Amino acid sequence: MSLMLALDQGTTSSRAILFDRAGSIRAVAQREFAQLFPQPGWVEHDPMEIWASQSGVMAEVLAKAAIAPADVAAIGITNQRETTVLWERATGRPVANAIVWQDRRTAPLCDALRASGQEPTFVRKTGLVLDAYFSGTKLKWLLDNVPHARARAERGELAFGTVDSWLIWNLSGGAHVTDPSNASRTLLFDIHRGEWDDELLGLLDVPRAVLPEVVASSGVCAHAALAGGTVPIAGIAGDQQAALFGQACLEPGLAKNTYGTGCFLLLNTGRSAVWSQNHLLATVAWKRGNTTEYALEGSVFIAGAVVQWLRDGLKIIRSAPEVEALAASVPDNGGVYLVPAFAGLGAPHWDGYARGAIFGLTRGATAGHLARAALEAIAFQSAEVLRAMESDAGLKLSELRVDGGATMNNLLMQFQADLLGVPVVRPKVAETTALGAAYLAGLAVGYWRDDGDVTTNWQVGQRFEPAMSRDRAASLMAGWSKAVERAKRWA
Ligand code: ADP
């Protein structure tokens, strides 16, 4: 019996999952690790703890499934994106904590680059916007602030990597690689040419000597030493791109939405990067052989987090799943709209000064209406991003594949289908991120033959068909738009 091992290194925990040929889960191990907040707006991880937790769950999952390293066909890696690690090549020791994607310390640096007119160059080459979210300015910060780091980097003594590179370095004993789905999140990588870019390196003051080699997302790039054996590392992708693959969105026009704390929507746009008119990101989906495929990406900052707010802020529910029954206690939103712009609004509005607001309250409004309005807000925001994507890509979505914690909410899924007017489909295997990494690796070593296997394995768990009239959906959407306009430019 041979299995595929996926390592899913997330923001709050490291997981290892064994999959079989049917794409079913055989064993899972998971370990949380510390989130470090040294100053307001700063978020760090200890890279050694990332590695310890990841190698720990890897050993644990093999023990759980009672299999030897020889029974692992290959390893696929997927990771929290953009988080930045800098380490010594000679010792493998990090020179500082990892700067996590959520960290805002380089916002002033981004402002300065914008003020000096550099944003269009970054947008054109990388498909991103100039934001502290991405790795490039984080790396510059480390080179500027860790004692001697820049001189050492220039002498070739230091290695930079996103978390995929950091794990592979440790797994393999010194291979220094990344894949284009991760490289495309650094602000240093030209997504059209598929190479690190000297002009961008110059703008961010990053010496080429720190960079990993960019290898394909699917292909053997190194070997991992594992409990006395070695196993090929054959797949790498950032978490959202891996989920797109795991959802079998392998053709242009297929899209997935992950409903977690926020929402991440990715639409496969095929072999060309689509230029967004609506401030969405163009990003590499994956590279296989010599072919790079791209995606449009849009995110909603507050999605499942609005349910956490009902629980922890308003205390009208005790657990997230309770929101569904509370929302179902009323037949509709009763005219109540909740705009969860707690952290401003992302695509397609991009208003950092918008703030949360509730509209349409009357004496008849109940906690049920609030719960419903909160769930509907998740769907309204996702619908807006999807419409923006369709307009950018010039195509019409035929269904939306979904995953993430909040997709367990059937009322939310049904409302999403109603609003979009297309089916919303939840797959049987909800671990799409890890599965995508397993597929990328398994296809490279012949564990799966071709994309047909991936498509066949992808099975519908539940399908939500739109049932609402298009008039009703349009009128709800109009109500939402009116509410959003009034929440903008508040702070
Ligand atoms: P993340 O990976 O961002 O931590 P998860 O995919 O684990 O997110 O999903 C957790 C989020 O989903 C939380 O914000 C939680 O409030 C929300 N959530 C969990 N269950 C439900 C539910 N039944 N209905 C609505 N939201 C839910």
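Source: prediction; values computed, not measured. By convention here, the first residue in the shown sequence is residue 1. Hydrogens, waters and symmetry mates play no part in the numbers below; they use all other heavy atoms, side chains included. Start at 1 and go down the list; that is how both ligands and their atoms are numbered.
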**Student:** Evaluate Gly405 for polar contact with ligand 1, using N/O atom pairs at a separation under 3.5 Å.
**Tutor:**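 Between Gly405 and ligand 1 (N or O atoms, distance only) the closest approach is under 3.5 Å.
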
**Student:** Using the side-chain contact (heavy atoms from CB on, under 4.5 Å) rule, pick out the option among Leu265, Val425, Leu267, Asp403 that qualifies with Lys256.
**Tutor:** Asp403

**Student:** Are the charged groups of Arg288 and Asp179 less than 4.0 angstrom apart, N to O?
**Tutor:**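 No, this pair does not count.
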
**Student:** Just need the protein heavy atom nearest to atom 12 (O) of ligand 1, so name the residue and atom and give the distance.
**Tutor:**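 The answer is Ala406 N, 3.6 Å.
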
**Student:** Strictly below 4.0 Å, N to O, side chains only: are Glu384 and Arg387 in salt-bridge contact?
**Tutor:**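 Looking at Arg387 together with Glu384, the answer is no, because their closest N to O distance does not fall below 4.0 Å.
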
**Student:** Counting non-hydrogen protein atoms only, what is the nearest one to atom 25 (C) of ligand 1? Give residue, atom name and distance.
**Tutor:**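 Among all protein heavy atoms, the one nearest atom 25 (C) of ligand 1 is Asn409 ND2, 3.6 Å.
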
**Student:** Quick check for you: to the nearest 0.5 Å, what is the distance between Gln9 atom CD and Trp51 atom CH2?
**Tutor:**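 Nearest 0.5 Å value for the CD-CH2 distance: 11.0 Å.
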
**Student:** Is atom 8 (O) of ligand 1 touching the protein, meaning some protein heavy atom lies under 4.0 Å away?
**Tutor:**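 Yes, because at least one protein heavy atom sits under 4.0 Å from atom 8 (O) of ligand 1.
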
**Student:** I need the nearest protein heavy-atom contact for atom 19 (C) of ligand 1: residue, atom name and distance, please.
**Tutor:** Ala320 CB, 3.7 Å

**Student:** With heavy-atom distances below 4.0 Å as the criterion, list the atoms of ligand 1 near Gly304.
**Tutor:**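 Contacts of ligand 1 toward Gly304, numbered from 1: 14 (O), 15 (C), 16 (O), 17 (C).
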
**Student:** Give me the ring orientation class for Phe245 and Tyr439: parallel if the planes are under 30° apart, tilted from 30 to 60°, perpendicular past 60°.
**Tutor:**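 Phe245 and Tyr439: tilted rings.
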
**Student:** Side chain, backbone, both or neither: which part of Leu412 has a heavy atom under 4.0 Å from ligand 1?
**Tutor:**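 No part of Leu412 is near ligand 1 at this cut-off.
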
**Student:** Write down the atom of Trp101, the atom of Lys138, and the distance for their closest heavy-atom approach.
**Tutor:**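 The pair with the smallest heavy-atom distance is O-NZ, 3.4 Å.
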
**Student:** May I ask you to list the atoms of ligand 1 that are less than 4.0 angstrom from any heavy atom of Gly404?
**Tutor:**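 So the answer, numbered in order with elements, is 6 (O).
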
**Student:** Considering the heavy atoms of Val323, write down every atom of ligand 1 situated less than 4.0 Å from one of them.
**Tutor:** 24 (N), 25 (C)

**Student:** Would Glu297 and Arg185 pass as an ion pair if we require N to O under 4.0 Å?
**Tutor:**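 Between Arg185 and Glu297 there is a salt bridge, with a charged N closer than 4.0 Å to a carboxylate O.
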
**Student:** Atom 23 (N) of ligand 1: which protein heavy atom is closest, and how many Å away?
**Tutor:** Pro321 CA, 3.4 Å

**Student:** Quiz question: by atom type and distance under 3.5 Å, do the side chains of Ser181 and Ser217 form a donor-acceptor pair?
**Tutor:**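 No, no side-chain donor-acceptor pair sits under 3.5 Å.
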
**Student:** Tell me the protein heavy atom at minimum distance from atom 11 (C) of ligand 1, and give that distance in Å.
**Tutor:**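 Answer, as residue, atom name and distance: Gly260 C, 3.9 Å.
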
**Student:** Measure the distance from atom 1 (P) of ligand 1 to every protein heavy atom, then report the residue, atom name and distance (to 0.1 Å) of the closest one.
**Tutor:** Thr261 OG1, 3.6 Å

**Student:** Taking all heavy atoms of Trp87 and all of Phe160, pick out the closest pair and write down the distance.
**Tutor:**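 Closest approach of Trp87 to Phe160: CZ3-C, 3.8 Å.
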
**Student:** Assess Gln308 for proximity to ligand 1: is some non-hydrogen atom of it under 4.0 Å away?
**Tutor:** yes

**Student:** Could you tell me whether Ala305 approaches ligand 1 through its side chain, its backbone, both or neither, with non-hydrogen atoms closer than 4.0 Å?
**Tutor:** backbone

